[in-house]
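Position 1 is the first residue of the sequence; numbering continues from there. Because the structure is a prediction, the values reported are computed rather than measured.
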Amino acid sequence: MTKQDRLDGMTVCFAGSGEFGVPTLAALLDLGAKVLCVYSQPDKPAGRGSKLTPTPVSNFAIERGLNLIRTADLNVEPMPDCDVLVVIAFGQKINDDVISRPRLGAVNLHASRLPKYRGAAPIHWAVINGDAIAGNSVIRLAQRMDAGSVLAMSSVEVPSSMTTGELHEVLSKDGAVLVPRVLSELQNGTSKPIEQDHTQATRAPKLTRQTSLIDWNRSSTEIANLIRGLFPWPGCRVRLMDGEQPVATVTLVRVIPHATQTPSIPGVINDAGQVITGSGTIEIVEIQPQGGRVMTLAAFRNGKPWVAGMRLESVE
């Protein structure tokens, strides 16, 4: 940011829950914005003891001594007079009267190049679909999901080996640059919103464990994209089978698709240690054993068999 892009004196209210919004909140503070209030979802049970755990945004607000309001409904909460409301990965629908309360309105950071991938899981679906380009959009909040006018958009390359977790990190850092730029433009009156082409809108629906089930009859490229697109959550879990005997349950993390294959049954490991698919094979590069850390397949094979004729059985 250049000196004139600083946000000194700008008053901001921030609504967010997930890790995705933390870099932007940090950037707003670093650039001189005065964050009057942070709204986040209530603490939720997590871990083995189901201990009430703050959201990542709540944790950051606590660490930085910010005014934090944990709420299940922002619409019933008081909001101080402010210049703008910034909403990122918040998880609540916000009413028009709240959106219009700040002097410059409310903006939202969405992790796609809108109108593509409106919905809950844009990063996952960009990877699952094998997109080579992803990005962020900063939009005006609207009552239709992710349908507000676009204030800024970015573009980032997605390598064919990148997982959703890795792309999430890249885009979260990108948002920390994009959002302050938009706020600066709103502040100095140079913002130029662009209406979305709603006829080109596509959806990025919420994921479930069912989404992670692998159909080994699909092509090696489709399966590889699904695996990296669902890591770290919900993860494509498979059971390594020796005949009818289970050997281990692992989450597939990173694989390489290959176009050639020897005739065999999809899901079965061939002589090269690769898994047969409906079209081609996949070479397993990294896996995560149940309850363990991510490791290479070579490291896994030091303690477990992985031989031709064994098969992988997809499990929820």
Side-chain angles (χ1 to χ4, degrees), residues 1-44 53-72 74-75 77-92 94 98-111 123 135-141 148 150-154 156 165-191 193:
M1 305 285 284
T2 61
K3 186 175 180 180
Q4 61 265 33
D5 290 324
R6 284 190 58 83
L7 302 172
D8 296 304
M10 190 175 202
T11 53
V12 177
C13 287
F14 187 94
S17 297
E19 188 70 39
F20 191 71
V22 172
T24 296
L25 180 54
L28 297 180
L29 293 169
D30 291 343
L31 291 167
K34 187 175 182 181
V35 178
L36 302 180
C37 189
V38 174
Y39 302 95
S40 196
Q41 296 275 25
D43 298 355
K44 294 182 178 179
T53 304
T55 69
V57 165
S58 290
N59 269 329
F60 179 85
I62 293 167
E63 291 170 2
R64 297 294 289 266
L66 302 176
N67 178 25
L68 171 65
I69 297 178
R70 300 170 174 92
T71 179
L74 173 58
N75 299 301
E77 300 293 342
M79 180 177 293
D81 293 337
C82 63
D83 292 320
V84 66
L85 170 65
V86 176
V87 181
I88 305 176
F90 183 45
Q92 294 181 20
I94 302 176
V98 178
I99 291 171
S100 61
R101 203 172 297 168
R103 183 176 66 88
L104 298 173
V107 302
N108 171 238
L109 175 67
H110 183 76
I123 301 176
N136 284 312
S137 300
V138 181
I139 61 173
R140 285 289 191 185
L141 274 185
V150 177
L151 301 171
M153 188 177 294
S154 64
V156 301
E166 292 165 342
L167 182 56
H168 181 281
E169 184 175 357
V170 169
L171 290 176
S172 68
K173 292 178 180 177
D174 174 80
V177 176
L178 198 63
V179 171
R181 191 184 89 197
V182 167
L183 298 193
S184 178
E185 291 171 351
L186 289 173
Q187 191 174 42
N188 62 33
T190 60
S191 176

- Report the C-alpha distance between Leu28 and Leu183 in whole Å, list the side-chain angles of each, state the deciding distance to 0.1 Å, and finish with yes or no for side-chain contact (heavy atoms from CB on, under 4.5 Å). CA-CA 9 Å; Leu28 297 180; Leu183 298 193; 3.7 Å; yes
- Where do Val107 and Val87 land on the side-chain contact (heavy atoms from CB on, under 4.5 Å) test, with the steps shown first? CA-CA 6 Å; Val107 302; Val87 181; over 6 Å; no
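Annotation for Asn188 and Glu185: closest pair OD1-O, 3.0 Å, computed over non-hydrogen atoms. Considering every non-hydrogen atom in both Ser58 and Arg70, the closest pair reads OG-CG, 4.2 Å. The shortest non-hydrogen separation linking Ala152 to Val182 is CB-CG2, 3.4 Å. Closest non-hydrogen pair, Ala176 versus Ala27, comes out as O-CB, 3.5 Å. Pairing each heavy atom of Asn136 with each of Gly175, the nearest pair is ND2-N, 3.5 Å. In this structure, Ser17 and Phe90 approach most closely via the heavy-atom pair OG-O, 3.2 Å.
To the nearest 0.5 Å, atom SG of residue Cys82 and atom CE of residue Met10 are 9.0 Å apart. Expressed to the nearest 0.5 Å, how far CG of Leu85 lies from CG of Leu36 amounts to 11.0 Å. For the atom pair Leu151 CG and Leu109 CG, the distance stands at 11.5 Å (nearest 0.5 Å). To the nearest 0.5 angstrom, Arg103 atom CZ is 11.0 Å from Asp81 atom CG. Distance NZ/Lys34 to SG/Cys13: 11.0 Å, rounded to 0.5 Å. Separating the CG atom in Leu25 from the CZ atom in Phe14 is a distance of 5.0 Å, to the nearest 0.5 Å.
Remark: Gln41 pairs with Gln92 by the side chain to side chain donor-acceptor pair (under 3.5 Å) rule, at least two apart or across chains. Ser172 is linked by a side chain to side chain contact (heavy atoms under 4.5 Å, CB included) to Phe20, Pro23, counting only residues two or more places apart in sequence or in another chain. Checked against side chain to side chain contact (heavy atoms under 4.5 Å, CB included), Asn75 has the following partners two or more places apart in sequence or in another chain: Asp73, Ile94, Asn95, Val98. Considering only residues two or more places apart in sequence or on other chains, Ser137 meets the side chain to side chain contact (heavy atoms under 4.5 Å, CB included) condition with Leu114, Ile139, Met153. Qualifying side chain to side chain contact (heavy atoms under 4.5 Å, CB included) partners for Thr53, counting only residues two or more places apart in sequence or in other chains: Ala46.
No more than 12 heavy atoms of other residues, nucleotides or ligands lie within 6.0 Å of CD in Glu169, so this atom counts as exposed by the packing criterion.
No side-chain donor-acceptor contact under 3.5 Å links Ser154 to the backbone of Gly135.
For the side-chain contact (heavy atoms from CB on, under 4.5 Å) with Leu29, the qualifying choice from Leu66, Leu7, Val12 is Leu66, the only one to do so.
Among residue pairs with one or both ends in residues 22-33, none qualify as side chain to side chain donor-acceptor pair (under 3.5 Å); sequence neighbours excluded.
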